[in-house]
Amino acid sequence: MTEYSVNREVFESVMVPNYAPQAMVPVRGKGSRLWDQQGNEYIDFAGGIAVNALGHCHPHLTKTLKEQSDKLWHLSNVYTNEPALSLAERMTERTFADKVFFCNSGTEANEAAFKLVRKYAWDHYGPEKNEIIAFNSAFHGRSLFTVSVGGQPKYQEGFAPLPSGIKHLPFNDLNALKSAISEKTCAIVMEPIQGEGGIHPATPEFLEGTRALCDQHNALLVFDEIQTGVGRTGQLYAYMDTRITPDVLTSAKSLGGGFPIGAMLTTNAIASSLGFGTHGSTYGGNPLACAVALEAFDLISNDQLLADVSRKYNLFRKHLEIINSKHHVFSEIRGKGLLVGAELIPEWHGKGKEFLAAAAKEGLMLLVAGPNVLRMTPSLIIPDEDIQEGMEKLDKAISRVLS
Ligand SMILES: *Cc1c(COP(=O)(O)O)cnc(C)c1O
């Protein structure tokens, strides 16, 4: 019995079955803690899949949202607005980019990026230069174009015919890339750390080699930083800790701190290929989303906060190693900043979901990245005590699965 008029059972009767949510229904959140319909408390190591970068209901974000909601919500792009202009100014000041295109999700940011690289090649080199090279296990979104650039065939099954002119290669294999790239290649698309694919970082040699090959073949380098961006790795963007700079970068997830927004960033020269009328979005860059994102971006692009993200990674690692010395379930703990992956030993491959369900029962929200890796993408400002308490719950959840 609950006082709520809807519960988890209603999901099966009225929702398209493309998701399988956990048994509880969260109703309230504060910082890195949430409460469900029954009042049970959870520690949040999931962060809404790397989205709630400042936790739940951060007072500065709720204040900004409330204030903006009394001023102006939506205009369409027939008019521009102050929050969008300020956010674009800030993002171009703090990154390699000169120009920004706003949209509402990661998928839309990538869709814009993939259309842009085709259009830029078409403008400058002609229609033959249209091939996009991407990588196995990559994740770039769920629209037909982005799912086709993504390197996970299971997400493409049944949706053919797919957009063509896309080639997939093994990740971190520079020789494969050398053999595959040609004058037909218009862009190489990659996540600097593959997120959904299992928390696999690109090696420095691969990144630098890819940049050089792009330059040799007049191909653009697109970094999908939708998961790695906005402080997640302890840098504002992950590329900032490499020796290379992409030509196009996509951002979403943490960008709005939980309010839906996406952005595609690029240089002046490349941006000019998306001239007036070539692309658009009704909601993209709306004042509500941009006001909240500006506040989040300003709070996160702070050296002290970013340094603390790297320190918290060490704390996560230390706790996971202690848990592993007791249970021996992880073959590797990896990641950067608060994008943490713990790969299960072969015996537990395919069973990541069991750990997720057990964690929920113990009061911990956790993620998987593929079937074999437990993933943690908490708030960037999760308190150390919440990490400690969450790890105690994880320890119990693992005992539950193993028993
Ligand atoms: C989540 C994600 C996307 C898709 O973003 P949506 O907002 O779900 O459309 C694309 N690329 C990467 C790397 C992601 O992690």
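Note that the coordinates shown come from a computational prediction; the quantities given were computed from them, not determined experimentally. We use all heavy atoms of the structure for the numbers below, so side chains are in, but hydrogens, waters and symmetry mates are not. Each ligand, and each atom within it, is numbered from 1 in the order the structure gives.
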**OP:** Could you verify whether a donor N or O on one side chain and an acceptor N or O on the other, from Thr228 and Glu225, lie under 3.5 Å apart?
**Re:** yes

**OP:** Classify the contact between Thr250 and ligand 1 as side chain, backbone, both or neither, using a heavy-atom distance cut-off of under 4.0 Å.
**Re:** neither

**OP:** Pull out every atom of ligand 1 sitting under 4.0 Å from any heavy atom of Asn110, numbered as shown with elements.
**Re:** 10 (C), 11 (N)

Can you list, pair by pair, the side-chain donor-acceptor contacts under 3.5 Å of residues 214-221, counting residues two or more places apart and other chains?
{"from": "Asp215", "atom 1": "OD1", "to": "Arg211", "atom 2": "NE", "distance (Å)": "3.3"}
{"from": "Asp215", "atom 1": "OD1", "to": "Arg211", "atom 2": "NH2", "distance (Å)": "2.8"}
{"from": "His217", "atom 1": "ND1", "to": "Leu213", "atom 2": "O", "distance (Å)": "3.0"}

Original post:
Gly106 heavy atoms, cut-off 4.0 Å: which ligand 1 atoms fall inside?
Top reply: 5 (O), 6 (P), 7 (O), 9 (O)

**OP:** Consider every N or O of Lys253 and every N or O of ligand 1, then say whether any pair is closer than 3.5 Å.
**Re:** yes

Subject >> Distance filter under 4.0 Å to Glu191 heavy atoms, resulting ligand 1 atoms >> reply: 13 (C)

Subject >> Phe139 N/O to ligand 1 N/O under 3.5 Å >> reply: yes

**OP:** Would you mind running through ligand 1 and noting each atom that sits below 4.0 Å from a heavy atom of His140?
**Re:** 10 (C), 11 (N)

**OP:** Look only at interatomic distance and state if Ile226 has a nitrogen or oxygen under 3.5 Å from any nitrogen or oxygen of ligand 1.
**Re:** no

Original post:
Which atoms of ligand 1 sit under 4.0 Å from any heavy atom of Ser105?
Top reply: 7 (O), 9 (O)

Could you pull out every donor-acceptor pair under 3.5 Å between side chains of residues 258-277 and any protein atom, sequence neighbours left out?
{"from": "Thr266", "atom 1": "OG1", "to": "Asp247", "atom 2": "O", "distance (Å)": "2.7"}
{"from": "Thr267", "atom 1": "OG1", "to": "Ile270", "atom 2": "N", "distance (Å)": "3.4"}
{"from": "Asn268", "atom 1": "OD1", "to": "Lys99", "atom 2": "NZ", "distance (Å)": "2.8"}
{"from": "Ser272", "atom 1": "OG", "to": "Ala269", "atom 2": "O", "distance (Å)": "2.7"}
{"from": "Ser273", "atom 1": "OG", "to": "Asp123", "atom 2": "OD2", "distance (Å)": "2.7"}

Original post:
Of all the heavy atoms in Gly141, does at least one lie under 4.0 Å from an atom in ligand 1?
Top reply: yes

**OP:** Could you tell me whether Glu82 and Lys71 make a salt bridge, using a distance below 4.0 angstrom between a side-chain N and a carboxylate O?
**Re:** no

**OP:** Search all heavy atoms of Met91 against all heavy atoms of Leu255 and return the closest pair with its distance.
**Re:** CE-CD1, 3.8 Å

**OP:** Answer with yes or no whether the side chains of Glu111 and Ser143 bring together a donor and an acceptor at under 3.5 Å.
**Re:** yes

**OP:** Would you kindly say whether His327 and Asp395 are connected by a side-chain donor-acceptor distance under 3.5 Å?
**Re:** yes

**OP:** Before signing off on this row, confirm whether Asp224 and ligand 1 have an N or O atom pair separated by under 3.5 Å.
**Re:** yes

Original post:
Are Phe223 and Tyr237 near enough that their ring centres are under 6.0 Å apart?
Top reply: no

Original post:
Thr107 heavy atoms, cut-off 4.0 Å: which ligand 1 atoms fall inside?
Top reply: 4 (C), 5 (O), 6 (P), 9 (O)

